[in-house]
Amino acid sequence: MALKVYNTISGRKEDFTPVTEGKVKLYVCGVTVYDHCHIGHARSAIVFDTIYRYLCSKGFDATYVRNFTDIDDKIIKRSHAENIPWQEVGETYIRSFYEDMDALGVLRPNHEPRATEHIADMIDLVQALIDKGHAYNIDGDVYFSVDSFRNYGQLSGRPLEEMISGARVEVDEKKKNPLDFALWKASKEGEPSWDAPFGAGRPGWHIECSVMSTLYLGNPFDIHGGGKDLVFPHHENEKAQTEAATGKKFVNYWVHNGFVNIDREKMSKSIGNTLLIRDFLREYHPEVLRLFYLSNHYRSPVDYSGQSIEDINTALHRLYYTRERALEAQKGKTFEERSYPQADDIARKFTEAMDDDFNTALALSHVFELSKEINRMVDEKDESAVALIASAEAVYESLAATLGLLGDDLASLESREKVRHLARMGLDVSFVEDAINDRVEARKNKDFQKADEIRNMLADKGIMLLDTPKGTQWRIKTSVS
RNA sequence: GGCGGCAUAGCCAAGUGGUAAGGCGACGGUCUGCAAAACCGUUAUUCUCCGGUUCAAAUCCGGAUGCCGCCUCCA
């Protein structure tokens with residue numbers, strides 16, 4: 001079955017046909033490195049990471065590029081505010097970005113160019129646009145003339161006239177058209193600048209992506225992605241300047257992910273409700289965030305709330321418990337390999353869902369179906385079914401891996417929670433272990449009253465006890481609120 | 001003002017013409033000294049409302065109401 005991708009420019013799902021058969025060229029706008037990343041950045045990263053993983057699993061030879069914007073107004077502002085070199089601001093937050101992304105299990109793209117590594121190429125592109133009459137120079141600022149490009153507004157679906165009439169754009173007397181945007185900003189005191197034939201200065205925001213995407217991926221290339229907010233003006237402008245310069249189509253499929261709201265409110269710095277990735281990770285396992293995002297369609301807005309995250313946390317545990325039970329059932333048993341048709345059938349449905357514009361929510365429902373199927377077989381305790389369990393479990397793992405899930409092990413998933421919880425309660429492990437030992441002793445003596453007292457005492461602290469054949473184990477209540 | 005999106009069970013959330021995925025919760029059960037956890041089972045005759053098209057609509061068309069996003073730096 002063919003892959004279908006929703007293309008922003010046409011507003012519908014289209015059959016995916018790569019420029020070169022068997023290969024996919026993917027470019028995703030990365031971050032401007034002037035601050036730590038929040039969970040909105042994480043959504044974009046996780047969505048495209050999943051798309052990338054899926055394309056690879058389908059057998060495409062994928063080239064994935066994600067840039068760093070390391071020169072920009074906000075970076076300069078930060079460097080002035082903290083009185084450190086602007087390069088250092090970039091370095092600091094690139095490091096922070098990697099810490100967060102690695103923790104989230106987001107795979108590294110094939111290329112991660114930084115804007116400042118490609119200034120010379122940007123200068124060439126700006127010059128080419130000037131030469132072709134698509135750009136003009138005023139006092140060292142170079143602007144792209146939107147009137148010179150017939151298809152301006154094509155991506156965001158608004159004709160030029162409309163944008164101007166409803167315009168809330170600042171009126172700049174220098175510009176021929178209020179919508180004209182900067183390709184190059186003239187050098188200013190105290191700001192970094194590079195020499196160029198049209199005057200020293202620094203690049204505008206959009207030019208870097210035009211240069212780096214085509215340089216690494218060719219022209220046109222297959223998929224260009226980013227957050228929905230980038231459609232206008234960033235991607236519209238990238239498209240205009242690239243197509244004006246090359247005379248060729250820039251991108252075949254535009255893919256944009258929806259935004260993250262927190263408690264039904266837009267997450268933004270001005271409202272003060274941004275949640276940093278690192279702060280989230282102090283509370284939950286990284287796959288909780290991934291599962292949360294993948295449970296929603298990537299194009300829809302998603303509403304983050306404490307309750308949703310708790311629900312998802314419980315659901316993630318369920319996925320891990322299933323694998324644990326399946327492995328337990330196989331332990332020490334020998335069996336001949338057998339395929340399990342029901343699992344293959346579920347894998348097929350999973351692929352169908354993913355082929356339909358990366359419907360991860362539907363794909364996940366099939367993973368949960370398989371989880372149930374595996375549990376059912378384990379419950380039957382039928383020795384002859386072990387081979388089937390093994391086979392189903394292998395399918396289960398591979399589907400989960402495609403979504404970037406089940407990359408950890410249960411012990412680690414739980415130990416993170418334990419450490420976190422104990423720290424919050426001001427307790428330590430020995431306290432819990434001593435209590436458990438006392439209770440084991442009490443139970444041995446059939447002093448169930450005392451045993452129950454200890455259980456209740458720990459339960460009050462959010463710690464649950466499990467009497468298993470392997471002894472008494474403990475866990476953190478997953479939904480304490 | 002212009003453009004666009006969304007409204008599905010107690011909650012979260014898929015589904016864009018063929019008779020409602022999945023998760024959480026709740027309830028019932030297995031297990032257990034009792035529990036808990038885990039697991040299994042049950043849980044929307046119906047998709048905001050009103051019209052229309054169709055053999056057939058959550059899905060298409062028209063209208064109403066409510067919520068949200070973009071048009072300005074933003075994932």
Side-chain angles (χ1 to χ4, degrees), chain A residues 11-13 28-32 34 37-48 72-74 77 153 156-159 161-170 179 205 225-234 236 256-261 264-270 274 291-292 295-297 299-303 305 307-319 321-322 324-325 349 353 356 359-369 371-372 374-376 378-380 443 446-449 451-452 455-456 458-459 464-468 472-475 477-479:
Chain A
R12 9 168 214 273
K13 290 178 197 170
V28 176
C29 287
V31 292
T32 301
Y34 73 105
C37 289
H38 53 63
I39 59 170
H41 297 108
R43 185 177 192 193
S44 180
I46 288 170
V47 162
F48 288 102
D72 147 284
D73 292 351
K74 293 188 290 291
K77 201 173 148 197
S156 44
R158 23 189 149 196
E161 315 79 63
E162 230 169 54
M163 287 196 261
I164 296 168
S165 61
R168 286 203 280 161
V169 266
E170 74 202 79
L179 290 168
W205 175 33
K228 213 162 210 158
D229 57 315
L230 296 179
V231 175
F232 189 89
H234 188 232
E236 188 72 66
H256 295 98
N257 66 275
F259 259 44
V260 178
N261 296 129
R264 313 210 56 197
E265 204 172 21
K266 182 184 170 171
M267 184 172 65
S268 83
K269 293 203 169 173
S270 49
T274 55
L291 184 60
F292 174 63
S295 299
N296 290 70
H297 191 98
R299 280 188 276 120
S300 309
V302 67
D303 189 42
S305 72
Q307 187 56 54
S308 300
I309 290 298
E310 281 297 336
D311 290 353
I312 290 290
N313 187 220
T314 306
L316 181 66
H317 277 74
R318 178 185 178 80
L319 293 177
Y321 291 138
T322 297
E324 207 64 11
R325 296 185 88 217
K349 288 196 278 183
D356 186 14
N359 191 338
T360 53
L362 186 58
L364 267 172
S365 77
H366 300 312
V367 175
F368 278 99
E369 256 175 63
S371 155
K372 187 153 286 186
I374 290 170
N375 279 316
R376 228 177 253 144
V378 172
D379 277 353
E380 278 170 15
R443 289 183 74 208
K446 304 268 184 211
D447 184 354
F448 295 121
Q449 196 185 336
D452 288 348
R455 187 212 300 285
N456 292 336
L458 288 173
M464 319 191 103
L465 297 185
L466 290 74
D467 297 326
T468 74
T472 299
Q473 299 180 340
W474 61 283
R475 251 182 219 169
K477 273 188 196 169
T478 49
S479 47

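Throughout, a chain's letter reflects where its sequence line sits, starting with A, and its residues are numbered from 1. All values below were derived from every heavy atom in this structure, side-chain atoms included, with hydrogens, water molecules and symmetry-related copies excluded.
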[X] side-chain N/O to [N] phosphate OP1/OP2 under 4.0 Å:
X       : N       : answer
W205(A) : rC74(B) : yes
K266(A) : rC70(B) : yes
N296(A) : rC12(B) : no

Would you mind pulling out the nucleotide paired to [N], Watson-Crick or G-U wobble, both distances under 3.5 Å?
N       : result
rU45(B) : none
rU16(B) : none
rA38(B) : rU30(B)
rU72(B) : none
rA9(B)  : none

Nucleotide [N], atom [atom2] - distance to [atom1] of [X] in whole Å:
X       : N       : atom1 : atom2 : value
M267(A) : rC73(B) : CE    : C1'   : 15 Å
F259(A) : rC73(B) : CZ    : C1'   : 11 Å
I309(A) : rC12(B) : CD1   : C1'   : 11 Å
R299(A) : rA14(B) : CZ    : C1'   : 13 Å
E380(A) : rA38(B) : CD    : P     : 21 Å
R43(A)  : rC74(B) : CZ    : P     : 19 Å
E265(A) : rC67(B) : CD    : C1'   : 14 Å
N456(A) : rA36(B) : CG    : P     : 12 Å

(Q) For D72(A) and D303(A), find the nucleotide of RNA chain B closest to each by heavy atoms; which residue's nucleotide sits nearer the 5' end? (A) D303(A)
**Q.** First of I312(A) and L319(A) reached from the 5' end of RNA chain B, by closest nucleotide
**A.** I312(A)
If you look at every strand shown and take non-hydrogen atoms under 4.0 Å, does [X] touch a base, only sugar-phosphate, or nothing?
X       : result
F292(A) : nothing
G226(A) : sugar-phosphate
L230(A) : sugar-phosphate
H297(A) : sugar-phosphate
G30(A)  : sugar-phosphate
V260(A) : base

Q: Among T360(A), L364(A), V302(A), find the one that has a side-chain contact (heavy atoms from CB on, under 4.5 Å) with S295(A).
A: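 The single option meeting the side-chain contact (heavy atoms from CB on, under 4.5 Å) with S295(A) is L364(A).
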Pull out every protein N or O sitting under 3.5 Å from an N or O of nucleotides 16-21 of chain B, one pair per line with the distance.
| unit_1 | atom_1 | unit_2 | atom_2 | d |
| --- | --- | --- | --- | --- |
| rA21(B) | N3 | S365(A) | OG | 3.3 |

[atom1] atom, [N] versus [M]: distance in rounded Å?
N       : M       : atom1 : answer
rA58(B) : rC49(B) : P     : 11 Å
rC61(B) : rU54(B) : C1'   : 12 Å
rG18(B) : rC47(B) : C1'   : 16 Å
rC12(B) : rG25(B) : P     : 15 Å
rU59(B) : rC68(B) : P     : 24 Å
rU48(B) : rA35(B) : C1'   : 44 Å
rA13(B) : rC31(B) : P     : 38 Å
rG41(B) : rC6(B)  : C1'   : 34 Å

Heavy-atom closest contact ([X] atom, [Y] atom, distance):
X       : Y       : answer
C29(A)  : L230(A) : CB-CD1, 3.7 Å
F292(A) : S308(A) : CE1-CB, 3.8 Å
S156(A) : E236(A) : OG-OE1, 2.5 Å
T274(A) : S268(A) : CG2-C, 3.7 Å
A353(A) : H366(A) : CB-CD2, 4.4 Å
N261(A) : P301(A) : OD1-CB, 4.1 Å

**Q.** Full working for side-chain contact (heavy atoms from CB on, under 4.5 Å) between Y34(A) and K77(A)
**A.** CA-CA 9 Å; Y34(A) 73 105; K77(A) 201 173 148 197; over 6 Å; no
Has [X] got a side-chain atom pairing as donor or acceptor with [Y]'s backbone, closer than 3.5 angstrom?
X       : Y       : result
R43(A)  : F259(A) : yes
N313(A) : I309(A) : no
S44(A)  : G40(A)  : no

Q. Under 5.5 Å between ring centres and under 30° between planes: true for Y321(A) and the base of rA38(B)?
A.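 Taking the rule of under 5.5 Å and under 30°, the ring of Y321(A) does not stack on rA38(B).
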Q | From CA spacing to verdict: side-chain contact (heavy atoms from CB on, under 4.5 Å), T472(A), R455(A) | A | CA-CA 11 Å; T472(A) 299; R455(A) 187 212 300 285; over 6 Å; no
(Q) Using side-chain contact (heavy atoms from CB on, under 4.5 Å), reason through L362(A) and S365(A) one step at a time and then give a plain yes or no. (A) CA-CA 5 Å; L362(A) 186 58; S365(A) 77; 3.8 Å; yes
Contacts under 3.5 Å, N or O only, protein and nucleotides 27-34 of chain B:
| unit_1 | atom_1 | unit_2 | atom_2 | d |
| --- | --- | --- | --- | --- |
| rG33(B) | N7 | R443(A) | NH2 | 3.3 |
| rG33(B) | O6 | R439(A) | NH2 | 3.3 |
| rG33(B) | N1 | D452(A) | OD1 | 3.1 |
| rG33(B) | N2 | D452(A) | OD2 | 2.9 |
| rC34(B) | N3 | R455(A) | NH2 | 2.7 |
| rC34(B) | N4 | R455(A) | NH2 | 3.1 |
| rC34(B) | N4 | D467(A) | OD2 | 3.2 |

Using the 3.5 Å cut-off, write out each protein N or O paired with an N or O of nucleotides 40-44 of chain B and the distance between them.
| unit_1 | atom_1 | unit_2 | atom_2 | d |
| --- | --- | --- | --- | --- |
| rC40(B) | OP2 | R318(A) | NH2 | 3.3 |
| rG41(B) | OP1 | R376(A) | NE | 3.4 |
| rG41(B) | OP1 | R376(A) | NH2 | 2.5 |

Q: Consider the side chain of F368(A), meaning its heavy atoms from C-beta on, and name the nucleotide among rG23(B), rA75(B), rA38(B) that approaches it most closely.
A: rG23(B)
(Q) Can you tell me how far apart CG (D73(A)) and OG1 (T32(A)) are? Round to the nearest 0.5 Å. (A)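 These two atoms lie 10.0 Å from each other.
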Q: Carefully, step by step, assess I374(A) and R325(A) under the rule side-chain contact (heavy atoms from CB on, under 4.5 Å).
A: CA-CA 9 Å; I374(A) 290 170; R325(A) 296 185 88 217; over 6 Å; no
